[in-house]
Every structure is written in C-alpha cells, then in structure tokens.
Amino acid sequence: MTTTALAVRQLETWEAEFADIDKVKAGALLHKMGVPFQITEVMLDLWDNAREIGGKLVGIGKIICCKIIEFVQRNPNLALGVALGVSASLLTSMVPWIGPILAPLVAIIAIPYAGIAGMMIDLRDRGESTDSTIQATVLAAKEFYRLVVEIFQAIKETL
C-alpha cells in the first residue's frame, strides 16, 4: 500500500471518528473548555478547509480542530496553564512604556511554568505520578508532539 493510500485511510478513519461533531458543536465544546473567543474563531475558520486526496474530499480543517479538541480534553490543566501564561504576557504588554519590554520575558517564564504546573495536575488526576518538574516537562512535550506528528503524518501527502 502506498504512503498516500495509508494517509487517506488514516484521514478517512478520523473523519468517521469525528462524524458526529459539527462546527457548532465544536464551537460549543471550545467555549465550554474555556478557550478564548479569538482562538475559537480562528479554529472554526480552519474547520471549513478541505482537500481532495486520492479522489476523495477530506475535511482537513475539521480533523485538525477535532485533534486539538481531543488534546485539550485529555490535558485540560496543561491547556489552561498555557492559556494563563499567554494571558499574563498579554496583560503585561498593556502596561504603558515598560509593558512591551517585559511582556516577552513574562511569556518566556509564565507559559512554560504554568503549562508544566497544569501538566502535573493532569498527571495527578489520571493517577500517574511524577517525581520532578523535568519529568512533567518531558511528558507535556511528548503529548504535544504526538498531536503534531499525528496531524502532520496524515496530511503530509496532501501538501
């Protein structure tokens, strides 16, 4: 079986898996998870992107959005931690004169710190334990890169 055929099969499997989720339901899920409106809007704009692959029309945007929703549902506190870190950076950037200078520093510190703290909470909630923040960092990176690799492996033949 060719690489393209395997990619098409994987994409078809995901399309069948996400068949019961429509754009409105996805928007409601994102809102319920606390995803900011601007990010929800961008994701729902992506939703409608489709490509013809192997003679079949595949909703690439829908698949990517659903995989991201799956990731956030699997790691809610990690996602919340990252969102809090981004929010802290954005709020810092609004401080007159010094804010734009401090915002990148706040982002570099707050986003990873809050994300790792969230990942540690997610691990605890799943009954898994971690001995250190380094281990939680590695696990968070693995979760994120697994998401990215899954998506890119499936769509690389379409680009």
Side-chain angles (χ1 to χ4, degrees), residues 1-91 93 103-104 107-108 110-128 130 136-159:
M1 190 173 273
T2 67
T3 308
T4 303
L6 288 172
V8 169
R9 180 177 283 172
Q10 180 62 60
L11 291 169
E12 288 173 342
T13 302
W14 282 341
E15 272 200 315
E17 181 181 336
F18 302 132
D20 63 331
I21 300 175
D22 63 2
K23 192 173 181 177
V24 174
K25 192 174 188 179
L29 274 170
L30 290 167
H31 178 70
K32 183 179 177 186
M33 290 186 285
V35 175
F37 174 74
Q38 294 84 355
I39 295 172
T40 301
E41 190 174 327
V42 169
M43 285 184 63
L44 294 179
D45 286 343
L46 173 67
W47 186 276
D48 295 324
N49 288 327
R51 280 255 161 109
E52 188 173 323
I53 307 166
K56 296 180 180 183
L57 191 64
V58 178
I60 298 293
K62 177 180 180 178
I63 291 170
I64 291 171
C65 288
C66 287
K67 293 303 278 182
I68 291 170
I69 290 169
E70 246 181 25
F71 175 80
V72 172
Q73 286 176 329
R74 202 170 46 242
N75 304 289
N77 294 306
L78 169 61
L80 178 62
V82 170
L84 288 173
V86 169
S87 297
S89 175
L90 288 173
L91 288 173
S93 72
I108 289 170
I111 294 170
Y113 180 79
I116 291 165
M119 184 65 182
M120 292 178 82
I121 294 168
D122 286 335
L123 290 171
R124 188 190 67 215
D125 290 349
R126 289 186 220 146
E128 301 173 27
T130 175
T137 305
V138 169
L139 291 171
K142 281 183 180 179
E143 281 285 315
F144 175 74
Y145 286 114
R146 181 174 52 205
L147 166 73
V148 172
V149 167
E150 280 181 355
I151 291 170
F152 281 134
Q153 281 181 338
I155 65 170
K156 72 179 176 185
E157 296 297 320
T158 69
L159 303 175

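Remark: L29 CG to C65 SG distance equals 11.5 Å, nearest 0.5 Å. Distance check, rounded to the nearest 0.5 Å: CE of M43 to CD1 of I69 gives 5.0 Å. Between the OG1 atom in T13 and the CZ atom in F18 there is a gap of 10.5 Å [rounded to 0.5 Å]. To the nearest 0.5 Å, atoms CG (N75) and CZ (R126) are separated by 5.0 Å.
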- Query: Please walk me through it: do I63 and E17 pass side chain to side chain contact (heavy atoms under 4.5 Å, CB included)?
  - Reply: CA-CA 9 Å; I63 291 170; E17 181 181 336; over 6 Å; no
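Heavy atoms of other residues, nucleotides or ligands lying less than 6.0 angstrom from OH of Y113 number 12 at most.
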Enumerate donor-acceptor pairs with a distance under 3.5 Å from any side-chain N or O in residues 77-87 to protein atoms, sequence neighbours excluded.
residue, atom, partner, partner atom, Å
N77, ND2, D122, OD1, 2.8
N77, ND2, D125, OD2, 3.4
S87, OG, A83, O, 2.9

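Within the 4.5 Å cutoff, the side chain of V42 has no heavy atoms near those of the L46 side chain.
The minimum heavy-atom distance linking E15 with G59 is given by the pair OE2-N, 2.8 Å. Closest heavy-atom contact between A103 and S89: O-OG, 3.1 Å. Here the closest heavy-atom approach between residue I116 and residue A136 is recorded as CG2-CB, 4.1 Å. The two atoms that bring W47 and I21 nearest to each other are CZ2-O, 3.7 Å, heavy atoms only.
K67 places no side-chain N or O within donor-acceptor distance of the main-chain N or O of W14, the cut-off being under 3.5 Å.
Pairs passing the side chain to side chain donor-acceptor pair (under 3.5 Å) check and including a residue from residues 20-33, sequence neighbours excluded, read K23-D48.
Judged as a salt bridge (Lys or Arg N to Asp or Glu O under 4.0 Å), and not counting sequence neighbours, the contacts of R74 are E143.
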